[in-house]
Engineer: 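Encoded as structure tokens, here's the structure I'll be asking about.
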Protein chains: 2
Amino acid sequence: MTRFLLLVFWLCPLAAGAADLPSWNDGGTKTAILEFVERVTKLEGPELVKPEDRVAVFDFDGTLMVEQPTYGQMAFCAQQVEPLTDPPEVRALFKRLRAMSDEAELNGLSSGDTRKLWGYGFAAESAGDIQDRAYGWYTRSWHPRYQRARAELLYMPMLELLRFLQAKGFKVFIVTGSVADLVRSIAEPLVGVPKENVIGSATKRRFAPGHPSEVERLPAFADMVDGETKVLEIDRRIGRRPIMAFGNSDGDLAMLDYATSGPLPGFAALVHHDDPEREYAYDREGPVGRLKEGLELAPKRGWRLISVKSDWKTLFP
Amino acid sequence: MTRFLLLVFWLCPLAAGAADLPSWNDGGTKTAILEFVERVTKLEGPELVKPEDRVAVFDFDGTLMVEQPTYGQMAFCAQQVEPLTDPPEVRALFKRLRAMSDEAELNGLSSGDTRKLWGYGFAAESAGDIQDRAYGWYTRSWHPRYQRARAELLYMPMLELLRFLQAKGFKVFIVTGSVADLVRSIAEPLVGVPKENVIGSATKRRFAPGHPSEVERLPAFADMVDGETKVLEIDRRIGRRPIMAFGNSDGDLAMLDYATSGPLPGFAALVHHDDPEREYAYDREGPVGRLKEGLELAPKRGWRLISVKSDWKTLFP
């Protein structure tokens, strides 16, 4: 009997994979992920990566959360902002936004208008103010199709993956084109990624001295963290090359490339939105989350495509 | 006997303070630090601060490491850089530097020359290259006075404090005016602060695509993280207000002010270099680590001065 228990004990670590990632269907992508993690975390294995070098980066919108008919940042700014003392052209912009009956229309904004919207979306607020307001919005604003709070539209399989990696000693970062404070508001309580591990776009800020001193956002957008800028920000803030990267659009390719071209083993995957029944189907043509070059590049680079339709058993909690 | 052991067990947590921070002399500053940490970490205490809000920030040069006769960044760039293909005025600058017999002379550089030096100091290298080279330099370059490697000139009392805070659930960040990669090279292995928790100045970078892709430094200095910029960077990267801050110069005052003017309890202290026997004595007049306004402000704001002479029992490991 003791010997039998001992045998079970010995087999347990080997069998652990089957119980991991329960919202994923068994097969290609899930197996590839589990095998890679096993390779780099197996004690005394030939490809063991030291814990401090286990860095995984995730894009946010479309990778961890539904981004259709438009992504959180855009909907938040359009629905939440009350420009009172702004220049007339900003007031006119917000008036136009409020007249839109369909969220998807927001995707038609010019890049100049988008920058204005994002700049004014956070003006005069502190990190705490914005995060409180954004948390309220994510947890209470209804998604037009699912009729659930947006915070409930985090992808269950990706949350499981992220926590699985953390349990394996990975430091997980979110690297997003959305404004960091917005994503921080839910990253820490709902995704399990601490605020300081969210790297994102930024509006301009100023230090308001005095007592209490405060950091206030100015009504001007500063940096868009997308494409190559994602890599520059990873380098600047983390100071080492990630070994795993997950994204869903062409804006994530530089980051995936960077994670898979270093001296250590690397793994990268793109969420491919191919499930119109349970979610949305979009890739090459979308105004949001366009994935065109990525579909060509993935097989050449050995990156996996995560099929929403066939890889994910359950989409939402 | 059992009852006696139980009593010892009960008393242990209360007595723990006495054994903490052994390189500090008992008394004012040490007691103030221990009392503050006790206040904000005592379970069910009225001022308990949640672990995620326990953020402590430390300046680097002069706060964690000796910065006289000049600080690491400056000495490193002057001694390490071999500008081969640079513009003539840069070559002339480096020639001038090599002719200096005394490290302190470096402090006389104009701010334009300093920016040039820092920019060229890291040009064309990746994070890994620089960190390897800087680690080698910190661990092998001799300090002119102490005749020990610079890496041995980390202040033991501050290392103890930093680790004590980490053990109490604090997330510790280094916020430095030196280039982040330089400080990262020793922060992780020798100070115990992970690379991603080092916030510092930066040179310009570019993403060099291809396979392998790389992030290269350009020979141009970008951002100096000092004074108010320290606060802006804390806000941008950490996304919440620290509750403890440690510095040693007027460039740290904004950070100290920010940490001690929020809604949560806050604690701040300035290392005051007043020990010419064991270290250096400098404050109001120094070209490096000037502490003038800070000496006026500290008593008004309730910030502690850490006297090297009387608060520190042992300076170096």
Side-chain angles (χ1 to χ4, degrees), chain A residues 52 55 126-128 130-131 171 173 180-181 183-185 187-189 194-200 202 204-217 222-223 227-241 253-263 266 300-301, chain B residues 52 55 126-128 130-131 171 173 180-181 183-185 187-189 194-200 202 204-217 222-223 227-241 253-263 266 300-301:
Chain A
E52 59 267 34
V55 170
S126 70
I130 293 172
Q131 290 168 17
K171 304 189 237 195
F173 291 81
D181 282 316
V183 175
R184 280 178 179 144
S185 73
E188 191 166 277
K195 290 182 187 176
E196 63 272 19
N197 283 17
V198 176
I199 296 169
K204 291 192 175 149
R205 295 153 152 80
R206 76 175 190 103
F207 178 66
H211 217 70
S213 55
E214 192 51 271
V215 177
E216 291 176 355
R217 275 71 186 146
D223 302 307
E228 296 188 352
T229 314
K230 285 197 169 183
V231 179
L232 297 180
E233 287 294 297
I234 287 170
D235 180 73
R236 174 147 189 200
R237 305 218 193 167
I238 306 178
R240 53 169 37 108
R241 191 190 289 261
L253 303 185
M255 177 168 90
L256 268 63
D257 197 57
Y258 188 56
T260 54
S261 66
K300 289 182 200 157
R301 292 276 196 264
Chain B
E52 60 266 33
V55 170
S126 70
I130 294 172
Q131 290 167 17
K171 304 189 240 195
F173 292 81
D181 283 315
V183 176
R184 279 178 181 144
S185 74
E188 193 167 276
K195 290 182 187 176
E196 64 271 20
N197 283 17
V198 176
I199 297 170
K204 290 191 177 153
R205 293 154 153 83
R206 76 175 191 103
F207 178 66
H211 215 70
S213 55
E214 193 49 271
V215 177
E216 291 176 356
R217 275 71 186 146
D223 302 305
E228 297 188 352
T229 314
K230 286 197 169 184
V231 179
L232 297 180
E233 288 294 297
I234 287 169
D235 180 74
R236 172 146 190 201
R237 306 220 192 165
I238 307 179
R240 54 169 37 108
R241 190 191 289 260
L253 303 184
M255 177 168 91
L256 268 63
D257 197 56
Y258 188 56
T260 53
S261 67
K300 290 182 199 155
R301 292 277 195 266

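In the text below, chain A, chain B and the rest are named by the order of the sequence lines, each starting its count at 1. Side-chain atoms are counted along with the backbone in the values below, which use heavy atoms only and exclude waters and symmetry mates.
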Engineer: Measure distances from B:Arg205 to the heavy atoms of chain A and classify the residue's part below 4.5 Å as side chain, backbone, both or neither.
Structural biologist: both
Engineer: Any donor and acceptor pair, going by atom type alone, linking the side chain of B:Arg240 with main-chain N or O of A:Ala127 inside 3.5 Å?
Structural biologist: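 Pair absent, no side-chain N/O of B:Arg240 close to backbone of A:Ala127.
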Engineer: Got a salt bridge between A:Arg237 and B:Glu196, using NZ or NE/NH1/NH2 to carboxylate O under 4.0 Å?
Structural biologist: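 Judged by the 4.0 Å cut-off on N to carboxylate O distance, A:Arg237 and B:Glu196 do not form a salt bridge.
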Engineer: Please identify, among B:Val231, B:Thr260, B:Asp257, the residue contributing the most non-hydrogen atom pairs under 4.5 Å to chain A.
Structural biologist: B:Asp257
Engineer: Distance check, rounded to the nearest 0.5 Å: A:Ser213 atom OG versus B:Leu253 atom CG?
Structural biologist: 11.5 Å
Engineer: Under a 4.5 Å cutoff for heavy-atom pairs, which residue among B:Gly239, B:Pro209, B:Ser126 has the most contacts with chain A?
Structural biologist: B:Gly239
Engineer: Under 4.5 Å heavy-atom distance to chain A, tell me which part of B:Glu214 shows up: side chain, backbone, both or neither.
Structural biologist: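 The answer is both parts of B:Glu214.
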Engineer: Heavy-atom distances under 4.5 Å only: say whether B:Arg206 touches chain A with side chain, backbone, both or neither.
Structural biologist: backbone
Engineer: Would you call B:Arg217-B:Asp181 a salt bridge at under 4.0 Å N-O?
Structural biologist: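 A salt bridge is present here (some side-chain N lies under 4.0 Å from a carboxylate O).
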Engineer: What part of B:Glu233 is in contact with chain A, defined as an atom under 4.5 angstrom from a non-hydrogen atom: side chain, backbone, both or neither?
Structural biologist: side chain
Engineer: Could you tell me whether B:Lys204 and B:Asp223 make a salt bridge, using a distance below 4.0 angstrom between a side-chain N and a carboxylate O?
Structural biologist: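 Result for this pair is no, no salt bridge flagged.
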